[in-house]
Structures are given as C-alpha cells and as structure tokens.
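Comments concern the structure below.
Position 1 is the first residue of the sequence, and the numbers go up from there.
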Amino acid sequence: MDFTSDESELSDADIDDYADKCYMDLKTGKPVVSLGNEKFRCPFCLGKKKQDYRYNELLQHAIGVGASNRAPKVKANHMALANLLKNDYADAAGSLPSRQAVGPSNPPRPLQDQEAYVWPWMGILANVPAEKTKEDGASLMQQLANFNPLQFTAVLCSEGRYTGYAVVGFSKDWIGFTNALAFHNYFKSQRLGKKDWAALGQEKYICGWMAKEEDYKSSDPVGRFLSANGDLKTASGLENDLSRKTETLIANLSHQITAKSKYLVELECRCNQMNLSVKRAMEETDLLHKSYNEEMRNMQSAAREHSQKIFEETDQLRKQLDDKENAIERRSKQLSKFVAQTDIERRKLESEMKKNSEQNDSIHMARIEQQKSDKNVLKLVEKHKKEKEIALNKILQLEKQLDEKQKLELEIQQLRGRLLVVQHMEGEGVDVKKRTDELTEELNEKIEEMEYMEGLNQTLIIKERKTNDELQDAKKALISGLSELLGPRSTIGLKRMGELDEKPFLAACKKRYGTADGEAEIKAAEFCSEWQENLKDANWHPFKIVTRGGKTEQIINEDDEKLVGLKEQLGDEVYKAVTTALLEINEYNASGSYVVSELWNNKEDRKASMQAALQHVLEQWKLRRRRR
C-alpha cells in the first residue's frame with residue numbers, strides 16, 4: 001500500500017472504509033509495526049525523529065492523530081493503527097518491564113505501569129508535630145509549595161486523637177501525579193522516605209512518601225482515611241480511562257458541532273425565506289403605489305379637463321352677450337340719427353328706443369346674473385376639488401396605515417430572525433450581548449407601533465360589530481313585527497331554520513306501517529319529535545372538517561352511527577330532511593342548537609335580504625291602501 005499518496009483524494013465519508021482496508025494490510029505485516037524487544041514504530045510517520053515507541057506511547061499517538069483535524073487519509077491510517085494495537089498487540093500492554101520513575105512529561109510514567117497508587121494522588125507525612133497541623137497545616141503547606149499541594153489533612157484515630165500522621169492531596173491529573181512523585185523522590189533523596197522511616201524507628205524528623213497499595217490496604221487510621229477518600233488505580237489503567245473519556249468527549253463535541261451546524265443551516269434557510277417574503281411584499285407595495293399614482297394622475301387630468309371646459313363655456317357665453325350689446329348700441333346710434341318727421345314716426349321712434357332700453361337693461365341684468373353664476377361655478381369647482389382632495393387623502397391615509405402595518409409585521413419578523421441568528425453567533429467575534437440589546441430595543445419599538453396600529457384596527461372592528469349588532473336587532477324586530485303579515489304564500493316569508501319537515505317522515509311511515517288505523521301518522525309524529533330532540537342535543541355533532549380550494553369547511557359525516565341507522569330504518573328522504581335541518585342549525589345557530597326564524601324568498605327558495613323584505617312589505621302596504 002502506498003502511504004505517501006495524495007491526501008486530498010479521500011473524502012470524510014470514506015474514512016471508515018479506508019481505515020478498514022488499511023487495518024487488513026497492517027494485520028498481514030505490511031508495513032511493519034512491531035520492531036521486537038517490545039518496541040514499536042509508526043509506519044505513517046517515517047520522517048519524524050522519534051521512531052521507537054513503547055506500546056502505550058504508540059497507542060496514544062495513534063488515537064490522538066485519528067481524532068484530530070488532520071487530512072482524512074492521515075486520520076484513517078492512524079485509526080487503523082489504533083485498532084491494530086488494541087486488537088492484535090493488547091498483550092504487550094501488560095508485559096512491559098518495570099523502570100525507575102523519572103519526572104514524567106505529558107503523560108508522566110510511574111515506577112511501574114501496573115503498580116497501584118491511591119487516586120486522587122496523595123502523599124503521607126509521618127512524625128508531624130501537632131503544632132504543625134494548626135490552621136490546616138499552613139506552615140507545612142508553605143514548605144511544600146514547590147510540589148503544589150492542594151489540601152492538608154491531619155489523620156485522627158477513632159477516638160479523635162491526633163496520630164502524628166498527615167495526608168497531603170494533589171490534583172487528579174498527570175501534573176498532580178508529577179508533583180506527588182517529586183514529593184516522594186524529595187523525601188527519598190533526603191533519606192526520609194518510607195523505608196528510612198521504618199528503619200530509623202524514631203520520631204525526630206518528618207518523613208514522607210507517596211500513598212500506594214500497601215498504605216491503602218493497611219488497617220491503621222491512615223489506611224482507613226485513604227480507603228474512605230480515594231481509590232486504587234494503576235498508571236496504565238488511569239491512562240486508558242482518560243483515553244476513553246477523551247474519545248467520548250470528542251464524539252460528543254463532534255455531535256454538538258454537527259447539530260449546531262444543522263441548526264444554523266435551518267436558521268439561514270428561514271432567514272432566506274423571510275427575506276424572500278419581504279422582497280415580495282415590497283414588490284407588491286411598489287405595484288400598489290404605482291397603480292395609486294396612476295389613478296391620481298388620471299383623476300387630476302379629468303378634473304383639469306372639466307374645469308377647462310367650464311371656463312371655455314363661460315367665455316363663449318360672455319362673448320355672445322358682448323356681441324348682442326354691441327348690436328343694440330349700433331342700432332341705437334342709427335335710430336338717433338334719424339329725425340322723426342311726424343308724430344307717428346316720433347312715437348314709433350320713442351317706442352323703439354324705449355324697447356331697446358328695456359332690452360339693454362335686461363342684457364345688463366343677464367350679465368350680472370352670468371357673473372354671479374360664474375362665481376358660483378368657481379366656488380362649486382373649488383368645493384368639488386376640496387372634496388376630492390379630502391377623499392383622496394382618506395384613501396391615501398388608509399393605504400398608508402395598511403402599508404405601515406404590513407411593513408411593521410415584516411420588520412418584526414425580520415428582527416426576530418436576526419435576533420435568533422445573533423444569539424447563535426457567540427464566539428465568532430461578535431459582541432452578542434450588545435447586538436442582542438440593540439435588536440431587542442428595536443424589536444420592542446416596532447411591537448409598540450404594531451400595538452398602536454392594532455388598537456386603531458380594534459376600534460374599527462368594535463364599530464363594525466356595533467353596527468352589525470344594530471342590524472341584527474333591527475332584523476329581529478322586523479321578523480317579530482311582520483310574522484303575521486308574511487305568510488307561506490307570499491313572495492317573502494319566514495322560514496324556521498333547523499325545523500324538521502314532517503312530510504318525509506309521514507311518507508316513510510305509511511310505506512312501512514300502512515295507512516290503516518292512523519298508526520303511520522302516530523309513528524311519524526314520534527319519529528319527528530325524537531329526531532327534533534336529537535337535533536337540539538349539543539353533544540351530538542355529526543360533522544367532519546374538509547379542505548376544498550384552500551378553505552376548510554364542515555360537512556355531514558356520513559359514517560355517523562345515528563345517521564346510518566336512520567337511513568337504514570326510514571330511507572333516503574328522511575335522511576335528507578334530517579341532514580338539511582342539521583346544516584341549517586350549524587349555519588344559523590350552531591352554539592344554541594335550537595330553531596330560529598329567518599327571512600326567506602319563497603319564490604326563489606333562498607335567504608332574503610332585509611332590503612328585499614322591506615320592499616315587499618312596502619308593496620303590500622301600498623296594495624292594501626289602494627283597495628281601501
């Protein structure tokens with residue numbers, strides 16, 4: 001197998017398959033992993049300085065590289081190497097020779113891999129004077145500061161007396177193990193270790209050593225303290241535990257990263273959808289503005305044309321009056337030149353001049369009236385213009401309020417989406433708290449504007465409901481007052497919605513029980529009364545909801561047990577009468593489930609409007625008045 005080929009040829013999805021294939025090649029001995037004498041090498045890191053590894057060192061190297069962010073092929077090769085070491089060379093982990101422990105470095109090695117120590121790492125101090133244990137052994141902790149101890153505990157016997165022993169605690173990690181081992185080696189180098197303490201048999205000097213298995217299993221107070229506060233672990237066992245925890249942590253983190261990435265993708269999709277909706281809404285708003293502007297231009301153009309036409313007609317009438325006045329003046333001048341020779345001619349002349357003067361006065365009055373008419377026309381034009389402007393301003397204000405409400409809704413949704421995105425951007429160089437506060441403040445402002453707009457809409461809704469209630473009250477009063485006037489034979493009458501028709505019941509009972517002895521009439525009345533009570537039962541609701549053309553509606557549930565039994569017992573006509581009454585109650589009084597009266601057009605078999613009912617009543621009243 002070529003282990004130096006291009007790493008970019010392998011994708012993340014093919015890592016496991018490639019690792020299995022590499023594992024089989026390693027298992028056949030190609031390439032070589034074991035060098036003999038309990039030494040191993042990494043066949044994939046031949047260019048590095050260190051070529052010889054112990055079993056645990058090589059296993060840690062393979063697991064670390066396999067879980068890193070290296071190239072897919074490098075990760076697959078080292079995953080295969082880790083599987084080979086765990087499955088085929090597991091015996092090498094327990095057969096390593098013991099070695100003298102030297103200060104370890106990441107991770108440190110104890111004196112012997114299988115030697116058991118008390119964990120968390122602890123050190124034992126013997127011959128500790130009682131005064132040294134005061135204030136939690138502060139003086140001793142200061143003297144041992146180079147070993148970074150975390151805790152000092154004086155060991156007491158079962159009676160509560162001080163035994164002369166103390167236990168020093170270190171951190172649980174490999175650094176703590178290094179400090180504990182340095183503590184042990186320090187006292188050993190000063191010939192104050194455990195063996196020296198046992199050999200001297202005196203209590204002049206403070207002795208110390210690292211707590212091990214024999215200390216843990218001893219029956220003295222120190223042993224009881226160690227067994228109560230720690231466990232026995234080997235270095236290799238602890239290393240395996242840490243490796244498993246590391247692998248579990250890496251797997252959990254990878255899962256969390258995948259989940260967050262998926263969630264971020266979903267957020268991005270939602271944000272894109274929201275932006276698309278906003279874009280569409282803005283385009284529709286632009287189209288509305290364009291159509292509104294076009295309509296405004298047309299109305300203004302029509303108004304200008306109408307005003308121009310009025311002015312032209314006024315000018316034409318003024319010219320006609322001026323022409324008539326000039327003609328009369330010319331005629332008067334001509335008449336004044338002639339001298340009446342006779343009295344008759346003079347009288348004629350005077351009569352004609354008087355007539356001309358009267359006509360002149362009439363024309364002058366007509367001119368005055370024309371001027372007044374012109375002023376009235378101008379005032380009327382101005383009034384119409386102002387009324388149009390007021391109406392257009394109202395339309396514009398309503399459209400503006402609608403646009404503002406839609407815009408506010410879109411901005412609120414967009415701000416909420418942006419707020420969700422910002423909340424998941426922590427750790428990406430963004431001041432999330434500041435940005436979140438800004439977006440929250442802006443969102444609250446938009447929500448307040450939205451609540452104000454909803455308040456206005458609510459006021460309009462209340463007015464509409466009030467008007468509708470007044471209309472319904474008027475309708476009830478009309479039905480109550482005209483119940484005697486409107487009969488079944490008139491064009492407009494009253495129909496009791498939800499009341500069963502007895503004719504289908506009577507026909508079905510005659511067919512079933514015969515016509516003798518009046519039994520069919522009695523049974524029909526019983527069935528009709530029973531099913532009228534069933535219709536009033538609020539707990540019986542034989543409907544189902546379906547969607548047609550994007551709208552939901554309620555229809556009769558044909559599988560209802562009662563309706564199926566009715567159809568089998570009395571037939572289709574009775575079933576049709578009951579379902580018709582059900583639909584009428586569900587439409588006109590679904591909450592009350594009782595019969596209500598409704599204006600009805602008997603001629604066209606449909607619901608009648610109040611306008612049609614009032615028109616019919618007025619016609620009947622006029623007809624009766626003529627007959628009287």
Side-chain angles (χ1 to χ4, degrees), residues 472-473 475-548 551-610 612-613 616-617:
Q472 292 299 324
D473 292 340
K475 184 177 180 180
K476 290 179 181 178
L478 178 64
I479 292 175
S480 176
L482 300 179
S483 58
E484 297 180 358
L485 182 62
L486 301 177
R489 294 183 178 180
S490 60
T491 304
I492 304 297
L494 296 179
K495 181 178 181 181
R496 293 175 59 79
M497 309 306 292
E499 188 175 54
L500 286 173
D501 186 4
E502 296 182 359
K503 294 179 181 179
F505 286 91
L506 182 60
C509 289
K510 285 182 178 180
K511 185 177 180 181
R512 183 173 183 178
Y513 300 103
T515 58
D517 300 330
E519 184 179 4
E521 288 78 2
I522 297 174
K523 287 292 184 180
E526 291 177 356
F527 280 125
C528 187
S529 177
E530 176 186 355
W531 278 96
Q532 190 67 56
E533 292 299 323
N534 288 337
L535 294 179
K536 296 179 181 179
D537 186 4
N539 295 323
W540 184 48
H541 192 72
F543 292 92
K544 61 181 180 180
I545 298 175
V546 297
T547 302
R548 294 176 178 174
K551 296 182 180 179
T552 57
E553 59 180 1
Q554 290 186 351
I555 63 172
I556 296 293
N557 184 6
E558 298 178 354
D559 298 329
D560 184 77
E561 294 180 357
K562 287 186 178 182
L563 294 178
V564 171
L566 174 67
K567 192 173 185 179
E568 293 176 353
Q569 184 179 12
L570 298 178
D572 293 338
E573 294 298 325
V574 176
Y575 172 82
K576 183 178 179 181
V578 172
T579 54
T580 301
L582 275 171
L583 291 174
E584 291 176 352
I585 288 179
N586 191 51
E587 180 180 358
Y588 292 93
N589 192 17
S591 58
S593 299
Y594 55 84
V595 178
V596 295
S597 297
E598 182 63 52
L599 295 171
W600 197 259
N601 190 325
N602 295 321
K603 185 177 181 180
E604 300 179 5
D605 193 21
R606 62 174 177 82
K607 180 180 176 181
S609 63
M610 287 188 63
H616 175 72
V617 171

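Separating the CG atom in Leu582 from the CD1 atom in Ile555 is a distance of 13.0 Å, to the nearest 0.5 Å. Leu535 contributes atom CG, which lies 11.0 Å from atom CD of Glu530 (distance to the nearest 0.5 angstrom). Distance NZ/Lys523 to OH/Tyr513: 5.0 Å, rounded to 0.5 Å. A distance of 10.5 Å separates CG in Asp560 from NE2 in His541, rounded to the nearest 0.5 Å.
Asp572 has its side chain within reach of Lys567: a pair of non-hydrogen atoms, C-beta onward, lies under 4.5 Å apart. A 4.5 Å side-chain heavy-atom check between Leu563 and Asn557 finds every atom pair outside the cut-off. Residues Glu558 and Tyr575 meet the side-chain proximity criterion, which asks for heavy atoms closer than 4.5 Å. Between Leu570 and Arg512, some side-chain heavy-atom pair lies under the 4.5 Å cut-off. Looking at heavy atoms from C-beta onward, Lys511 lies out of side-chain contact with Glu573 at the 4.5 angstrom threshold.
Summarising the geometry of Ala508 relative to Val574, their closest heavy-atom pair is CB-CG2, 3.8 Å, with the distance given to 0.1 Å. Contact between Ala577 and Pro504 at its shortest, heavy atoms only, is CB-CG, 4.0 Å. Residues Lys544 and Ile556 come closest through the heavy atom pair CE-O, 4.1 Å.
Not counting sequence neighbours, Glu533 has no partner by the side-chain hydrogen bond (donor to acceptor under 3.5 Å, both in side chains) test.
Judged by distance alone, the side chain of Ser529 and the main-chain N or O of Ala525 form no donor-acceptor pair under 3.5 Å.
For residues 517-539, the ring-ring contact (aromatic ring centres under 6.0 Å, His included) pairs, not counting sequence neighbours, are Trp531-Trp540.
At most 12 heavy atoms of other shown residues, nucleotides or ligands fall within 6.0 angstrom of atom CD in Glu561. The number of heavy-atom neighbours closer than 6.0 Å to CD of Glu502, taken from other residues, nucleotides and ligands shown, is 12 or below. Annotation for Lys576: atom NZ does not count as buried by contact number, only 12 or fewer foreign heavy atoms lying within 6.0 Å.
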